[in-house]
Protein chains: 2
Amino acid sequence: MDSTDKKILYLLKQNARMPLTEMSKIIHLSVPAVSERIRKMEESGIITKYEVRIDRDKLNYKLLAFIFVNIETTKDIEPFRETMAMLPAVLECHHLAGEYDYLLKVVCLDTQDLEQFISSELKSIHGVQKTNTIITLSSIKEEINQ
Amino acid sequence: MDSTDKKILYLLKQNARMPLTEMSKIIHLSVPAVSERIRKMEESGIITKYEVRIDRDKLNYKLLAFIFVNIETTKDIEPFRETMAMLPAVLECHHLAGEYDYLLKVVCLDTQDLEQFISSELKSIHGVQKTNTIITLSSIKEEINQ
DNA sequence: TATGAAAAATCTAGGTG
DNA sequence: CACCTAGATTTTTCATA
């Protein structure tokens with residue numbers, strides 16, 4: 001990972017579908033050289049995925065919330081994690097140090113949909129004890145990488 | 001946005017660099033038809049960006065933390081937001097309803113780096129009052145879309 | 001890492017239901 | 001309007017130096 005690799009990553013962060021020919025011109029390196037550097041970063045696991053970002057608002061998912069969750073016993077943890085991985089409304093699920101066990105980042109259509117999610121989906125999972133929901137008013141920044 | 005568009009989005013979510021020819025075979029539609037549908041989703045703003053996901057661990061950013069922040073007065077808000085947008089360690093910054101004003105998602109090298117961030121970067125911003133930091137032990141899931 | 005030929009992917013035009 | 005086919009153009013891959 002030298003400075004040229006960093007430049008390539010920077011370009012891919014801006015537009016993962018940028019053609020190699022275009023990157024090649026910006027980086028001042030031949031197309032096969034750029035291609036080989038990308039291949040190596042994929043192979044070494046530095047680049048894990050190419051993703052598309054979709055406007056949630058346009059698809060009517062107007063509500064973003066963070067939910068803290070406590071799990072009763074250790075045997076309830078694995079089923080909980082599996083359910084979180086499965087639920088499409090759950091964008092993120094982090095295991096925490098501190099008062100709460102997990103933090104979820106959840107998208108919903110509206111408050112009604114969120115209520116439904118918390119009571120029907122989340123609280124119905126065995127072992128889910130206390131939850132604490134925080135509503136997001138707006139997002140100043142939302143990136144996946146530095 | 002019909003079911004075909006949803007299938008295309010699903011494929012792009014898995015791999016934003018998937019060639020149109022490959023998508024065309026899976027969707028059972030000609031290449032120009034797939035291309036046109038993608039163009040329209042870009043134009044209408046449903047697709048906002050193509051991004052690359054980088055393994056933070058591989059670049060030694062081993063620590064992920066969530067930081068709640070309170071801002072003293074309304075006139076301090078705008079400079080705070082601008083700083084958040086600028087700082088590369090801050091991946092996300094959400095304006096919240098409730099006890100705290102903002103929630104940050106922050107990546108750091110280690111606890112020392114985090115301490116440095118909180119004391120030198122965050123608390124040095126005018127108006128930043130109370131902060132509450134929660135360390136992530138592990139992440140079960142981290143998606144940008146449903 | 002660069003070059004250039006071959007292969008693959010994309011774009012464009014013109015046409016159909 | 002969404003789709004197709006076919007030819008032109010661009011991009012990517014691969015072999016070689």
Side-chain angles (χ1 to χ4, degrees), chain A residues 1-62 88-89 91 107 109 113 142-146, chain B residues 1-61 88 142-146:
Chain A
M1 266 281 296
D2 60 4
S3 68
T4 309
D5 281 343
K6 280 180 191 161
K7 280 180 198 165
I8 292 172
L9 283 184
Y10 179 80
L11 294 178
L12 285 172
K13 279 179 195 175
Q14 306 308 307
N15 174 18
R17 283 182 74 86
M18 183 183 281
L20 298 179
T21 45
E22 197 177 325
M23 286 194 245
S24 157
K25 279 171 199 159
I26 300 166
I27 308 287
H28 299 294
L29 218 61
S30 71
V31 169
V34 174
S35 172
E36 186 62 10
R37 276 167 178 272
I38 291 174
R39 197 195 58 75
K40 279 182 181 162
M41 287 193 282
E42 287 169 355
E43 200 180 48
S44 68
I46 290 171
I47 290 175
T48 56
K49 214 180 172 200
Y50 300 100
E51 295 182 69
V52 66
R53 192 179 282 269
I54 295 159
D55 189 325
R56 290 196 280 270
D57 253 48
K58 286 248 159 56
L59 302 186
N60 286 116
Y61 286 85
K62 303 278 189 181
L91 295 190
V107 279
L109 297 166
D113 188 32
E142 213 173 348
E143 302 287 334
I144 50 172
N145 301 118
Q146 273 172 284
Chain B
M1 265 281 294
D2 61 4
S3 67
T4 309
D5 282 343
K6 281 179 190 163
K7 281 180 198 166
I8 293 170
L9 284 183
Y10 178 79
L11 294 178
L12 286 172
K13 279 179 195 176
Q14 306 308 308
N15 175 17
R17 282 182 74 87
M18 182 182 282
L20 298 179
T21 44
E22 197 178 326
M23 286 193 244
S24 157
K25 279 171 200 158
I26 299 166
I27 308 287
H28 299 294
L29 219 61
S30 71
V31 169
V34 174
S35 171
E36 186 62 9
R37 276 170 177 271
I38 291 174
R39 198 196 58 75
K40 279 183 181 165
M41 287 193 283
E42 287 169 355
E43 201 180 47
S44 68
I46 290 171
I47 291 174
T48 56
K49 213 179 174 201
Y50 300 100
E51 295 181 69
V52 66
R53 192 180 282 270
I54 296 159
D55 190 326
R56 289 197 281 270
D57 253 48
K58 287 247 159 57
L59 302 186
N60 286 116
Y61 286 86
E142 213 172 348
E143 303 287 336
I144 50 173
N145 299 120
Q146 274 173 284

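Every chain is numbered from 1 and lettered A, B, ... according to where its sequence line falls, protein lines coming before strand lines.
Atom C1' of nucleotide C:dT1 and atom CD1 of A:Ile8 are separated by 12 Å, given to the nearest angstrom. Whole-Å rounding puts the A:Glu22 CD to C:dT10 P distance at 15 Å. What separates CG of A:Leu20 from C1' of C:dT1 is a distance of 15 Å, to the nearest Å. If you measure from atom CD of A:Glu36 to atom P of D:dT12, you get 15 Å, rounded to the nearest angstrom. Remark: P of C:dA9 and CE of A:Met18 are 21 Å apart, rounded to the nearest angstrom. Atom-to-atom, NE2 of A:His28 to C1' of C:dT1 comes out at 16 Å; the value is rounded to the nearest Å. In this structure, the CD1 atom of B:Ile27 is 17 Å from the C1' atom of D:dC4, given to the nearest Å. When the C1' atom of D:dC1 is taken as reference, atom CZ of B:Arg37 falls 11 Å away, rounded to whole Å.
Taking the side chain of B:Leu29 as heavy atoms from C-beta on, and the options C:dT1, D:dT12, D:dC4, the nearest nucleotide is D:dC4. Minimum atom distance to the side chain of A:Pro19 is reached by D:dT11, of the listed C:dA2, D:dC3, D:dT11. For B:Ala33, counting side-chain heavy atoms from C-beta on, the closest listed nucleotide (C:dT1, D:dT12, D:dC4) is D:dC4.
Closest-nucleotide positions on DNA chain D for B:Asp2 and B:Arg17 were compared, and the one nearer the 5' end corresponds to B:Asp2. Taking the nucleotide of DNA chain D with the nearest heavy atom to each of A:Pro32 and A:Lys25, the more 5' of the two is matched to A:Lys25.
Salt bridge status for A:Lys7 with A:Asp2: absent, with no side-chain N to carboxylate O gap under 4.0 Å. In this structure, A:Arg39 pairs ionically with A:Glu36, as a charged nitrogen and a carboxylate oxygen lie closer than 4.0 Å. Ionic pairing of A:Glu142 and A:Arg56 is present here: one or more N-O contacts between side-chain nitrogen and carboxylate oxygen are shorter than 4.0 angstrom.
Look at A:Thr21 and you'll find a side-chain N or O under 4.0 angstrom from OP1 or OP2 of D:dT11. Between B:Lys40 and the phosphate of D:dC1, there is no side-chain N or O to OP1/OP2 separation shorter than 4.0 Å. Phosphate proximity of D:dT13 to A:Ser35: present, with a side-chain N or O under 4.0 Å from OP1 or OP2. Side-chain N/O atoms of B:Arg39 include none lying less than 4.0 angstrom from OP1 or OP2 on C:dC11.
In this structure, the side chain of B:Ser24 engages the main chain of B:Leu29 through a donor-acceptor pair within 3.5 Å.
From B:Leu9, atom CG reaches atom CZ of B:Arg37 across 10.5 Å, with rounding to the nearest 0.5 Å.
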